[in-house]
Structure formats: structure tokens, C-alpha cells
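Computed from a predicted model, the values in this text were never measured in an experiment.
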Amino acid sequence: MLTSFHSRAQAEFHPAPSIEPPEEAKLAVSPSLPKDAGCVGTFVGMGEGVKGAGVDAAFLEAAGFEGKAGQTLVVPHQDGPPLVVVGVGAKAGLDAGRLRDAAAAFARAVGKQTRLALQLPELGNVPVELAAQALTEGVLLARYRYRPYKRQSEQEPPLESLTLVAGKEDTDAVEQGMVRGGIHARATAFARDLSNAPATLLTAARLAEVAEGLAKRCGLEVEVFDGEALARLGCGGLLGVNAGSAEPPRMIKLTYTPQGSKGEAVEPVGRVSLVGKGIMFDSGGLGLKPNDLVHATMKGDMSGAGAILAAMTALKPLGCRTAVTAYLMCTDNMPSGTAMKLGDVLTVRGGKTVEVINTDAEGRLVMSDALVLSTEQSPRPDAIVDIATLTGACQRALGVLSAGVIGNDQALVEQVKDSGERTGDTVWQLPLDRRLRQELESEVADLKNVGGENAGAITAGLFLEEFVGGLPWAHIDMAGTARAERDNAWRSKGATGYGTRLLIDFLLGFKPTRETRH
């Protein structure tokens, strides 16, 4: 009876409302203020006033507004929509990141308004298209809310329209930037939906159905591997972690092939393999997590897989010229009479054996199978990038605003870092210190799944490196960045969708770092 109820609830539940067209706000550019604007935003630097609006620096100072980054002041107007003054700090050094944050502050200051207009500021050295993209992202991401279980009366109204007010000479560039920003924001909202969804309703099998449903319109090929198929492939890492779960595992393989303007195949500029941790709920297995609020956030332990799926949906509309193959390794990690035990030895794809010392270090186990599969692709990828909510050690080291990145190819790591800076999904490089590899030595297997009590993020990276076959590889540990405990600039409380825009940017600009195909 209970199983039937859960099956019906899963079938009726839409885990990703943000990917559906009715949820999209209308984006437009105009040389003048739209007549139906509910409010108008304008940016002001330190000690400045608003030109032509009767709001000078003295007025703002008297109102306690100093122009600090993120500061807002609503100025009512009898003959038109209210003016929202948004501080950007010192105008020197203004960049896309500060514009994105300022646009988010504007959107939050007028949370009940549904039709927003935003005046394009003086940009200094920021290209117009990039500025329009950042402003669009800031507004749309700040206004994101996860609504499936909120009654209508308790919800903020969804955003209906956003207009950027800019000179006619900038119209084309602003339009292009808005389109790009809208695609980035929509993909990020999709990733947030997936990570916010209750784990009982968004299972590994249900995520596979979501991917299959998106395939055709997003220009993707999708293959789904169930437990039997995974056993034939020898994916002992994923199957070992799944052993304690009542829900079956899934490996979701996504393939994006670049196409020309007429749909014809084109030679890719490079080939990238992505690997995502998709632990739909992580109890810790028999090594149960502490009985605290961390359990309620473990539905987001699939955020790496979610970010990859969301990023893949944006590649076709943005004309990405990189060929991409992605592996989403999806299962619960649950305690039961059939769960893997401490001291068990798993055989990963390719034959390497792993002694399980900690059942809560399961993400690296499921990803190891996919890393090996990536090395077996033909043609071989120019790079492998994995992303995962992998270690609490990384969160304790870097906090909640930057993820860790570690890799065996510095040029590849630099590309990841550059994409992080451009998108605001920032990363900080950790050392791949191979002197610590000895901590993974096992008495009974090729290696253990954890090292000692120190440098946990680094030894996790060293574990993953064992399976990449020497190919250029970068690992992103997003444990701290996957979730926000409060609204912070464009990061809405709950799942952040971290990594989605970083991956999109990375794939659009990817350049192979060395020859790998022979």
C-alpha cells in the first residue's frame, strides 16, 4: 500500500518546473522606460547621485544611502514607478561579478514586483554583452524560489518581465547578453530544482526519466543503464553503494555532438568527459551520519549530477562546439541488511579493488566506475572533469562561497578557474600532493576509499586520480557551495545550482591542453 502511494506520488510530482516554458520571464531591451514597469532600478557608485531624476548625492546621503555594494534605497514617485537606487561601491574596477550581485540586490529589494526595468549603468571596461548577461542572471537567479510545496497565498509572485534600458547603439549587444543570461539562469534554476526536490520523489530512476524527456529538445543522446547493465559493465563501485537501497541504481550517459547552423555534424574543437556524483540521498550507509540537521540536506548530494544535466541542456542553444559525454552516477546510500559493510572489497570497472573503510565516503566509489569508462571512450576525451559534493573537509577549508579544484594538468585547472571567475561559481585550487597517496594503501586491496583524518579533500582527489588513466583531469569538490543557508546576492536560500554556469562557460571556451587520442 505504501509502495503504491509512493509510486503514485512520484508519477504526479514534477521535479523540475523551472525547465518548463510557462515559468520563464519575458526578457526585453528598450531605449526608454516601459510604460508597464512596476519599478525601475538604477546603479549608483560611492558618493554619486542619480542623473536626471532629482535624486542627488546630498539626498541619498540624508537618506543613509552611501552607495556601498549591494545597498538599496526605494524612492517613491507620484507620477511613475518607484525608483530603486542600488549601490555598486567604487566605480573603479567594476566587473561582471559586481553587476550580477547588484542586479540581485535590486531584485530582492522589490520582491513583490513582477515587472522590472533596470537601467544599464556606465560600464567602464565591462563589455556591453557581458554586462547584460550578468544583470539578467542576477535578477533571475535572485528571484528563484522552489515552489512545488508552497500554497499560492504564501508565495512571492513569479517574475513576469525584465527590461534592460539601454541606448539604441547597444541594442543588439544587450539582446545577445540577455539571451545568454536567460539560458544560464534557466539551467541554474533547473539544477536548483533537482537538488531541492525531496529524495523520496526524485529517485535515480526518476532522474533518468527526466533526462530522457529532455533529450530531443536539448540536442542530447541519452542512454540509461540499470542494475543488470551496470553488472555487465563491472561497475562495482556504483553497485556496492546501491546494495543497501530499496531504489535501483541508474547510470545516465548523456552525449552532446556539435552541429552547424543547418543541423549538420561539425568537427568539435575538443572532447570533454564529465562525471557527476548523483547520490540521491546520503544517509552515510552503515556508517550513519550524525543525528542532526545535516540529514535534511542530503537530498542535495546529487548536486554534481544535477549541475551536469542542467549544463548539458544549454549547450545546443548556445552553439557549443565542444563534444561532451557525461556520466551521472545515481543511487541512494542507505543502511539495511544488504548494505555494503566496512571492510568489504569492491571491484571497480577496469578491475581495480577498493577496501571500504568508510561507507560515508561513497561518492568517490560511484564516480570511479565512470572515470574508467571515460578513459575507454573512442575517440578518447581531451579532458575529464568531475564535480561532486564530495568532502566535508573541503567545506571546512574553503567555506561556502568557493569550491575546491584539484587536477593533474595545470592548463586544464586554469580553464576551470577562469570559468569560475567569469560566472561567480568560484574555485580555489588545492594541491595534488602525491606524498599523501600512501594514506590510501590497503592491506587487502589495491587501495582504501579514505586516507587519514587530515587533508581529506586532497586524499579524495588522489583516490579519483587512480582511475583517470593519465588523461588531463580536474576534480571540483562543491561540498560547501551546493547549498545556501540564507539568501546571499544571487544565491537563493536552499540549493544554489553551483557549477551549472561554470560548466557551461568552461565547455563553450574549452581548449585541449595536449594530445590524448592516440
>> We want to know whether T391 and D477 form a side-chain donor-acceptor pair, criterion being a heavy-atom distance below 3.5 angstrom.
In response: yes
>> In the structure I gave you, are the side-chain heavy atoms of S283 and L288 within less than 4.5 Å of one another anywhere?
In response: yes
> Any side-chain donor paired with an acceptor under 3.5 Å for S303 and S195?
Replying inline: yes
> Considering residues at least two apart in sequence or located in another chain, which fulfil the ring-ring contact (aromatic ring centres under 6.0 Å, His included) criterion with Y327?
Replying inline: none
>> Do the side chains of K448 and E355 get close enough for a salt bridge, i.e. N-O under 4.0 angstrom?
In response: no
> When rounded to the nearest 0.5 angstrom, what is the spacing between CG in L286 and OG in S336?
Replying inline: 7.5 Å
>> Surrounding NZ of K26 (heavy atoms of other residues, nucleotides or ligands, distance under 6.0 Å), is the total greater than 12?
In response: no
> Do R501's NZ or CZ and the ring of W490 fall within the cation-pi criteria of under 6.0 Å and 45°?
Replying inline: yes
> Is the closest side-chain donor-acceptor distance between E129 and Q133 under 3.5 Å?
Replying inline: no
>> Are the side chains of R483 and E485 in contact, using a 4.5 Å heavy-atom criterion?
In response: yes
> Do C39 and L116 have side-chain heavy atoms sitting under 4.5 Å apart?
Replying inline: yes
>> Test your reading of the model: is there a side-chain donor-acceptor pair from T426 to the backbone of L401, 3.5 Å cut-off?
In response: yes
>> Can you classify the ring geometry of F467 versus F463 as parallel (below 30°), tilted (30 to 60°) or perpendicular (above 60°)?
In response: tilted
> Within 45° of the ring axis of F225 and under 6.0 Å from its six-membered ring centre, is that where the NZ or CZ of K253 lies?
Replying inline: no
>> Keeping T313 on the side-chain end and A310 on the backbone end, is there a donor-acceptor pair under 3.5 Å?
In response: yes
> Distance-only, no hydrogens or angles: does the D505 side chain make a donor-acceptor pair with backbone N or O of L502 under 3.5 Å?
Replying inline: no
> So how far is it from R422 CZ to K417 NZ, rounded to the nearest 0.5 Å?
Replying inline: 13.0 Å
>> Under the criterion salt bridge (Lys or Arg N to Asp or Glu O under 4.0 Å), I'd like the reasoning laid out for K277 against E362: C-alpha separation, chi angles, the key distance, then a yes or no.
In response: CA-CA 9 Å; K277 174 185 174 182; E362 83 298 329; 3.3 Å; yes
>> For P248, is there any backbone N or O sitting under 3.5 Å from a side-chain donor or acceptor partner on T331?
In response: no
> How close do V210 and P15 get, heavy atom to heavy atom, and via which atoms?
Replying inline: CG2-CG, 3.6 Å
>> Give me the atom names and distance for the closest heavy-atom approach of G287 to D360.
In response: O-CB, 4.0 Å
>> Tell me if a side-chain donor or acceptor on T188 pairs with a main-chain N or O of T500 at a distance below 3.5 Å.
In response: no
> What are the two closest heavy atoms between L346 and G236, and how far apart are they?
Replying inline: CD1-O, 3.9 Å
> Any chance CD of E376 has more than 12 other-residue heavy atoms, nucleotides or ligands included, within less than 6.0 Å?
Replying inline: yes
> Side chain of N196, backbone of R192: donor and acceptor closer than 3.5 Å?
Replying inline: yes
> Shortest non-hydrogen contact from A314 to A187?
Replying inline: CB-CB, 4.4 Å
> Which heavy atom in S492 sits nearest to a heavy atom in L141, and how many Å separate them?
Replying inline: OG-O, 3.0 Å
> With distance as the sole criterion, is a donor-acceptor pair present between the side chains of S18 and D193 under 3.5 Å?
Replying inline: yes
> Would you find more than 12 non-hydrogen atoms of other residues, nucleotides or ligands less than 6.0 Å from K289 atom NZ?
Replying inline: yes
> Which distance, rounded to the nearest 0.5 Å, do you find between the CD1 of I384 and the OG of S273?
Replying inline: 5.5 Å
> Is there side-chain contact between V324 and L507, with at least one heavy-atom pair below 4.5 Å?
Replying inline: yes
